[in-house]
Amino acid sequence: MRMRGERIGVGLAIAAVIGLAVPARADATDPLRDLVAQVAEQRLAEAGHGGLVVGVVRDGRSLVVGLGSTGWPGSGPPDGRTVFQIASLTKPFTGTILAELIRSGRVAPSDPLRRHLQSAARVPDFQGRPIRLVDLATHTAGLPNVPETPNFSWARLADPRNPYKPLTPAEVDRWLAGYELSAPPGTRFSYSNVGMAVLGEALEQVTQASYAELLRRTVTERFGLHDTTLTLDADQRARKAVGHARGQAVPDWEAPAMQPAFGLYSTADDLVRWLRVNMGDCPGGCPAAAVQTLALAQSVQVEGPALADPGSLGQGAMALGWFVAWAQDGSPIFWHSGATGGFNTYIAFSRAHRWGVVALNNSDPARVVADRTAIDLLRLFEADRPERLERRPARLALRQP
């Protein structure tokens, strides 16, 4: 079960999904909405319980479909305002914060981590080769998925239903100071929740601002994502879905040391807006600074075939926090998936082909209902193209403006 913040099928689950044919209903008055609803119904039925919200952007139009239950007694289906833990869909937000600081000249992607992370007594290197900020954003720093500390070990969790609660930023810093790299940074792909958390901590220290404040300045206030947050207010708590695992309600994960990796809550309405923004459709138009920041966040930094050890990245690529697959015409498909103890989430979009999809689910995350729903839909959106994804990178250079 993928309970370390997220399981990652980095070879891209998209590439493995071939051959679905979901016909539109004969009496459909809104074929796109009916198609989304039919795919969602099929996938939610496999879970047997819980709720599923799917948001879609297609050729300039957006819609949200909700099915099942929020998990509260007597509740109806979730909708676009229902709040979910979005797990590792947080990582592209962290990558976008890094991109904003690159754009504004506060940091460079090649900056060594030790220049900005003052709270750690030592930052490991490999024979003098340092961990760079870009290595953390692309899972090539050489750090493990999660740390092993006196108070936290995946092999001996104090509370398996809320595993990360005991882990503090100070404990992560102490662990990092004693960690030894086994390979040069930037040469091997190894998915790392703690690496993204350390990146967020470094960005906090270079700006003297909390992660929550950086998120507000860079994304949520700029683009109107009012329900995308680390901490819920009373109204948001009342709208939050209840997470489930193995048919039982489970608590939300609390992870004070891992917020930049998988700490966010959001809604389908907010994430549809986030999709539109990333596709170049900002509310009221995209300011030049926002366009530059988003382009940097989506710029390819690492290609699997170029690494000494691509690991599970395979033929895929990494932007800043986004995974990248290649459509048959060479255009990029940006995506990420996520899971906490009671939630499963997935987001993907193609600027070139003008579609985006997000799925949020509060069933057993091991059933990956959100992944399967979103992948079914994105495959259908690509159905007029050859039925396989080639990996032909269209590189965008990462540079400080």
Side-chain angles (χ1 to χ4, degrees), residues 53 55 57 62 64 79-104 106-107 137 196-197 199-204 206-241 252-256 258-298 319-322 334 336 338 340 343 345-347 349 356 358 360:
V53 182
V57 179
S62 58
V64 173
D79 59 23
R81 297 183 70 244
T82 302
V83 176
F84 291 77
Q85 280 200 310
I86 64 169
S88 285
L89 304 201
T90 303
K91 289 180 175 69
F93 287 92
T94 302
T96 302
I97 293 170
L98 173 60
E100 171 70 4
L101 296 179
I102 294 169
R103 182 200 65 79
S104 64
R106 299 295 297 274
V107 302
M196 193 66 68
L199 173 61
E201 187 179 11
L203 300 183
E204 288 179 320
V206 75
T207 59
Q208 295 296 295
S210 68
Y211 182 82
E213 177 62 17
L214 291 172
L215 180 74
R216 184 190 67 79
R217 293 179 195 171
T218 305
V219 178
T220 59
E221 186 175 88
R222 176 185 271 178
F223 300 126
L225 308 186
H226 303 301
D227 283 325
T228 302
T229 181
L230 293 169
T231 306
L232 301 180
D233 61 26
D235 173 63
Q236 291 163 335
R237 285 195 299 272
R239 291 187 278 121
K240 193 189 76 67
D252 295 352
W253 277 4
E254 300 168 86
M258 307 294 276
Q259 289 181 340
F262 53 82
L264 285 178
Y265 293 89
S266 192
T267 64
D269 282 352
D270 265 17
L271 293 173
V272 164
R273 178 168 285 207
W274 178 232
L275 283 169
R276 296 190 74 113
V277 162
N278 276 279
M279 294 168 69
D281 182 10
C282 304
C286 295
V291 171
Q292 293 169 5
T293 293
L294 293 168
L296 284 168
Q298 295 171 22
L320 296 180
W322 287 107
F334 300 93
H336 216 296
T340 58
F343 297 94
T345 58
Y346 197 102
I347 192 168
F349 68 94
V358 59
L360 308 173

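For the side chain to side chain donor-acceptor pair (under 3.5 Å) test, no residue two or more places apart in sequence or in another chain qualifies with R237. Legend: residues meeting side chain to side chain donor-acceptor pair (under 3.5 Å) with E204, ordered by chain and number and at least two apart, are absent. A search for side-chain contact (heavy atoms from CB on, under 4.5 Å) contacts involving D252 returns Q85, K240, Y265, F343, not counting sequence neighbours. Annotation: side-chain contact (heavy atoms from CB on, under 4.5 Å) contacts of V206 (sequence neighbours excluded): L101, V107, H116. Residues passing the side chain to side chain donor-acceptor pair (under 3.5 Å) test with T90: none are found, sequence neighbours excluded. Considering only residues two or more places apart in sequence or on other chains, P256 meets the side-chain contact (heavy atoms from CB on, under 4.5 Å) condition with none of them. E213 is linked by a side-chain contact (heavy atoms from CB on, under 4.5 Å) to A209, S210, R216, R217, counting only residues two or more places apart in sequence or in another chain. The salt bridge (Lys or Arg N to Asp or Glu O under 4.0 Å) search around E100 returns R103, R222, not counting sequence neighbours.
The shortest side-chain heavy-atom distance between L98 and L203 falls under the 4.5 Å cut-off. Residues T267 and V64 are not in side-chain contact: their nearest non-hydrogen atoms beyond the backbone lie 4.5 Å or more apart. By the 4.5 Å heavy-atom criterion applied to side chains, V358 and I86 are not counted as neighbours. With a 4.5 Å cut-off on side-chain heavy atoms, R81 and D235 count as touching. In this structure the side chain of L215 reaches within 4.5 angstrom of the side chain of L264, judged on heavy atoms.
Here the closest heavy-atom approach between residue L275 and residue G356 is recorded as CD1-C, 3.8 Å. The shortest heavy-atom contact between A99 and A297 is CB-N, 3.6 Å. Across P260 and M196, no two heavy atoms sit closer than the pair O-CG, 3.5 Å. What you find for A241 and F84 is that their closest heavy atoms are CB-CE2, 4.0 Å. Across all non-hydrogen atoms, the minimal contact from G321 to P92 is O-CG, 3.5 Å. Across all non-hydrogen atoms, the minimal contact from G55 to V272 is CA-CG2, 3.6 Å.
For the pair Q236 (side chain) and D233 (backbone), a donor-acceptor distance under 3.5 Å is present. At distances below 3.5 Å, not a single donor-acceptor pair connects side-chain atoms of T228 with backbone N or O atoms of T220.
Here CD of Q259 is found 4.5 Å from CG of L230. Values are rounded to the nearest 0.5 Å. Taking OG1 of T293 as the start and CD1 of I102 as the end, the distance is 9.5 Å to the nearest 0.5 Å. To the nearest 0.5 Å, atom SG of residue C286 and atom CG of residue L294 are 7.0 Å apart. For the atom pair OG1 of T345 and CG of L89, the computed distance is 3.5 Å after rounding to the nearest 0.5 Å. The line from CH2 of W322 to OG1 of T96 is 7.0 Å long, rounded to the nearest 0.5 Å.
Pairs engaging residues 271-293 under the ring pair (Phe, Tyr, Trp, His ring centres under 6.0 Å) rule: F93-W274 [sequence neighbours left out]. Listed by first and then second residue, the salt bridge (charged side-chain N to carboxylate O under 4.0 Å, His left out) pairs involving residues 268-286 are R276-D281 (not counting sequence neighbours).
Note: F349 and F334 have parallel aromatic rings, judged against thresholds of 30 and 60 degrees for the angle between ring planes.
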Candidate pair L360 and T82, rule side chain to side chain contact (heavy atoms under 4.5 Å, CB included), full reasoning: CA-CA 10 Å; L360 308 173; T82 302; over 6 Å; no

